[in-house]
Amino acid sequence: MTNRLANEVSPYLRQHENNPVHWFAWGDDAFAEARKRNVPILLSVGYSACHWCHVMAHECFEDNDVATQMNTLFVNIKVDREERPDVDAVYMEAVQAMTGRGGWPMTVFMTPDAKPFFGGTYFPKPSFLQLMTAVTDVWENRREDIDTNVDALMQSLQRSEFAEPSNAVASMSTVTSAVTHLVGGFDSEWGGFGAAPKFPSTMNIDLLLRSNATHPNAAALHVSTTSLDAMASGGIYDHLGGGFARYSVDREWLVPHFEKMLYDQALLVRVYLHAYQVTQFPRYKQVVEETINYVLRDLTHPDGGFFSAEDADSADESGHHHEGWFYTWTPHEVHELFDAELSAEIFEWYGMTNAGNFEGRNILTRHFERGSLLRNERIEAARQVMFTKRLERARPLLDDKVLTEWNGYMLSSLAEAAAAFNNESWLAAAIANAEFLIRELRSEDGTWKRSWHETGTPRARHHSLAADLAALIDAFTRLAEATGDNKWTQHACEVANQLLDEFWDPQRGGLFTTGNNGEQLIARQKDLLDNATPSANSTAAVALYRLSAMTGEGRYEQHAHRIMQLLDQIMHKAPSAAGNALSALHIMNSGITEIVIPGNSPILRDVVRESWRPNAVVLWGNPDTSPLWQGRSEGVAYVCERNVCMTPAQNAEMLRTQLA
């Protein structure tokens, strides 16, 4: 017998539809039930590709004894953090304030009016049973202790809402100091930053590359290339099918948590693309190509939307699930495909042994030959055979919901890569994705939804958040640059206007996570820190600076300045959590070069695409109403800053000189 989650479309929520727990989805009916029964709410938050979420589900939520206690003592709510990052962020901040740490699955006990008073992450069955008994005792016998906890936590949850902006925007010296800080935190042996577990830190590496591109810095470039080589050589990278796992559990990038997230592919494509444009190392181009091919092959809906993730776990031949089973190999499995000589070459190339490097099996890796990624013909042919053979295995679960924010990230990266490599098939995929988003996730009144699933009624659900719209603005501007079609700039302006009208804080500046017409949670927070994904505010700042340069609309630049003032303290005090914000600051202090090429002049356009120009915008193709287009003639290029232009470039060499 299914529970209420059978009516949901989130693959994560649907994973729990057969639990004996009487789950509610997040909504008014759950809170009304808690008030009616006068019991606490037990909130459980996770996501479909989360390994430890599956472990707790099996140990606790599928267990009749645990479910009976949950159903008797609490109203139980299950949330997909990817659908509702606004809900996740509020209660994750509460858990971190209470315990000093966070993660998923997240478990929170709260009052019927949604105020948290205790929480944690993963609990095994015995601990969870004890915890529920203890929480109930406090609820029934020491309610004043709960009230004290709630009051203290509410102050913590409102910090971002009431954060005060600085009086002025920081100078380029803040970027320079941040670069020095990042170089100082670099793991010189294995790349990346800090100790295990290690995350890709894409925005920080991109900041180092950006800084080096405008002011050559050998140390920043070394940190970047060493880190990128280590990640692409390690087990975090799928050497057969392309794409990256979410993070490495060790310092060496060898053993990943095997889930693959769309946002990681998007951000890593971007940083490897920029690294290739800076260094011209072919291995980085290979990583870009293989990662994009993975997304287009395995994470793309036939109509153009990009799916969210693939799970870490998959079934073996007996149907038992193991983390990483789909991706790992034994020497025997290789011997079944190739003769002894080629098998030996494969063992050496991918570091395979009889003992294995992960639970008796082998994660394929090149981390012992860091940066040596270009395969010879024999190894490449073998890779294709192994990839085809791997398709016979049970695949990890696909989370096939489409999220506006993550699609925006991937669309930005895909459009930028398509332009850099003049790849028409990628450009077609980018256009198809943009058209899908507009068709499926934009409502008739022009407002946007966050999440889409093909089986839903309606298919698009949940109010968009600031991060969704900020990502769309950036994506549409990048697509305008890639296609030369100004309709995408117009779409970017429409989204930007909606973002500023609905999410802007007129008192302190910056963007609230939720819009004026969205659901009002117990705290109206602002997304300020760059973590696994860029913050909504830093994404908006970058996008608004660029859109202002493309359109001449000063309002966008003024709001970006105010976002920079709000992010100022974070950039100074926690630069490693402000990589994208610092890139926006770099844009602001460097100024944006405006390049206009009226009509379709491939020779001039390709000059612009010869290298990464992090602080430039490119307008070409059909003109629009921007001041940059006024009085322009086809057949030449105009290089400008704030509408003050150099002599029109008559040929490729002249344009190349002006851009140098």
Side-chain angles (χ1 to χ4, degrees), residues 202 206 262-277 285 287-289 291-296 299-301 303-306 402-439 441 468-496 533-534 539 542-547 549-551 580 583 592 595 597 600 602 605-606 608-622 624:
T202 51
D206 208 55
L262 176 65
Y263 65 78
D264 279 321
Q265 315 315 317
L267 299 175
L268 284 158
V269 162
R270 191 174 308 176
V271 73
Y272 277 94
L273 170 63
H274 295 162
Y276 172 72
Q277 291 175 305
K285 183 178 183 182
V287 171
V288 171
E289 292 172 339
T291 303
I292 289 176
N293 289 342
Y294 159 68
V295 171
L296 298 183
L299 293 182
T300 302
H301 186 278
D303 293 338
F306 299 133
V402 175
L403 296 173
T404 302
E405 176 190 358
W406 298 4
N407 272 249
Y409 298 149
M410 191 66 218
L411 174 54
S412 291
S413 297
L414 184 59
E416 194 175 348
F421 293 164
N422 284 320
N423 190 309
E424 291 297 327
S425 65
W426 292 355
L427 187 59
I431 293 170
N433 178 254
E435 292 174 342
F436 176 95
L437 294 174
I438 291 170
R439 183 176 63 251
L441 283 139
D468 296 305
L469 301 190
L472 284 174
I473 300 166
D474 188 65
F476 289 149
T477 57
R478 307 281 180 185
L479 191 56
E481 291 178 302
T483 61
D485 188 341
N486 69 47
K487 77 175 182 182
W488 301 115
T489 309
Q490 295 168 13
H491 283 306
C493 290
E494 292 168 2
V495 178
T533 56
T539 301
V542 171
L544 291 171
Y545 277 131
R546 300 183 77 255
L547 185 59
M550 295 172 78
T551 62
N580 200 54
S583 289
I592 294 180
I595 305 167
I597 306 174
N600 186 7
R605 186 193 64 207
D606 289 349
V608 177
R609 295 176 174 177
E610 287 174 351
S611 62
W612 182 36
R613 307 185 191 280
N615 296 330
V617 295
V618 185
L619 287 76
W620 64 280
N622 54 323
D624 59 22

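In what follows, residues are counted from 1 in the order of the sequence shown.
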Visitor: Would you give the length of the straight line joining atom CD of E494 to atom CG of L469, rounded to the nearest 0.5 angstrom?
Guide: 12.0 Å

Visitor: side-chain contact (heavy atoms from CB on, under 4.5 Å) with A549: which residues, sequence neighbours excluded?
Guide: I592, E594, V617

Visitor: Got a second to check how far T291's OG1 is from M410's CE, nearest 0.5 Å?
Guide: 8.0 Å

Visitor: Using every non-hydrogen atom in the two residues, find where S412 and A471 come nearest and quote the distance to one decimal.
Guide: OG-O, 4.3 Å

Visitor: Does R546 have any side-chain hydrogen bond (donor to acceptor under 3.5 Å, both in side chains) partners at least two apart in sequence or in another chain, and if so, which?
Guide: T477, E481

Visitor: Would you find a donor on one side and an acceptor on the other, under 3.5 Å apart, between the side chain of D206 and the backbone of T202?
Guide: no

Visitor: Using side-chain contact (heavy atoms from CB on, under 4.5 Å) as the criterion, list what pairs up with S413, not counting sequence neighbours.
Guide: A266, V269, R270

Visitor: According to side-chain contact (heavy atoms from CB on, under 4.5 Å), who are the partners of N615, at least two apart in sequence or on a separate chain?
Guide: R210, T214, H586, I587, S590

Visitor: Please table the atom pairs, donor to acceptor, closer than 3.5 Å between any side-chain atom in residues 426-436 and protein atoms at least two apart or in another chain.
Guide:
residue	atom	partner	partner atom	Å
N433	ND2	G304	O	3.0
N433	ND2	N407	OD1	2.9

Visitor: Could you go step by step and tell me if L296 and F306 meet the side-chain contact (heavy atoms from CB on, under 4.5 Å) rule?
Guide: CA-CA 8 Å; L296 298 183; F306 299 133; 4.0 Å; yes

Visitor: Sequence neighbours excluded, which residues qualify as side-chain hydrogen bond (donor to acceptor under 3.5 Å, both in side chains) partners of E416?
Guide: H274

Visitor: Could you measure the distance from the OH atom of Y409 to the CG atom of L262? Nearest 0.5 Å is fine.
Guide: 10.5 Å

Visitor: In Å, rounded to the nearest 0.5 Å, how long is the span from CH2 of W406 to OG1 of T533?
Guide: 8.0 Å

Visitor: Can you find a pair of side-chain heavy atoms, one from R478 and one from L411, that are under 4.5 Å apart?
Guide: no

Visitor: On a heavy-atom basis, which atom in A475 and which in G408 lie closest, and how many Å separate them?
Guide: CB-O, 3.5 Å

Visitor: Please report the interatomic distance CG(N486) to NE2(H491), rounded to the nearest 0.5 Å.
Guide: 10.0 Å

Visitor: Of the non-hydrogen atoms in I473 and A543, which two are nearest, and what is the gap between them?
Guide: CG2-CB, 3.7 Å

Visitor: Quick check: closest heavy atoms across W620 and A482, and the distance to 0.1 Å?
Guide: CZ2-O, 3.4 Å

Visitor: Apply side-chain contact (heavy atoms from CB on, under 4.5 Å) to K285 and F421, showing your working.
Guide: CA-CA 9 Å; K285 183 178 183 182; F421 293 164; 3.6 Å; yes

Visitor: Evaluate side-chain contact (heavy atoms from CB on, under 4.5 Å) for V288 paired with Y276, printing each intermediate quantity in order.
Guide: CA-CA 9 Å; V288 171; Y276 172 72; 5.6 Å; no

Visitor: For residues R439 and D303, determine if any side-chain heavy atom of one lies less than 4.5 Å from a side-chain heavy atom of the other.
Guide: yes

Visitor: Which distance, rounded to the nearest 0.5 Å, do you find between the CG of D474 and the OH of Y545?
Guide: 14.5 Å

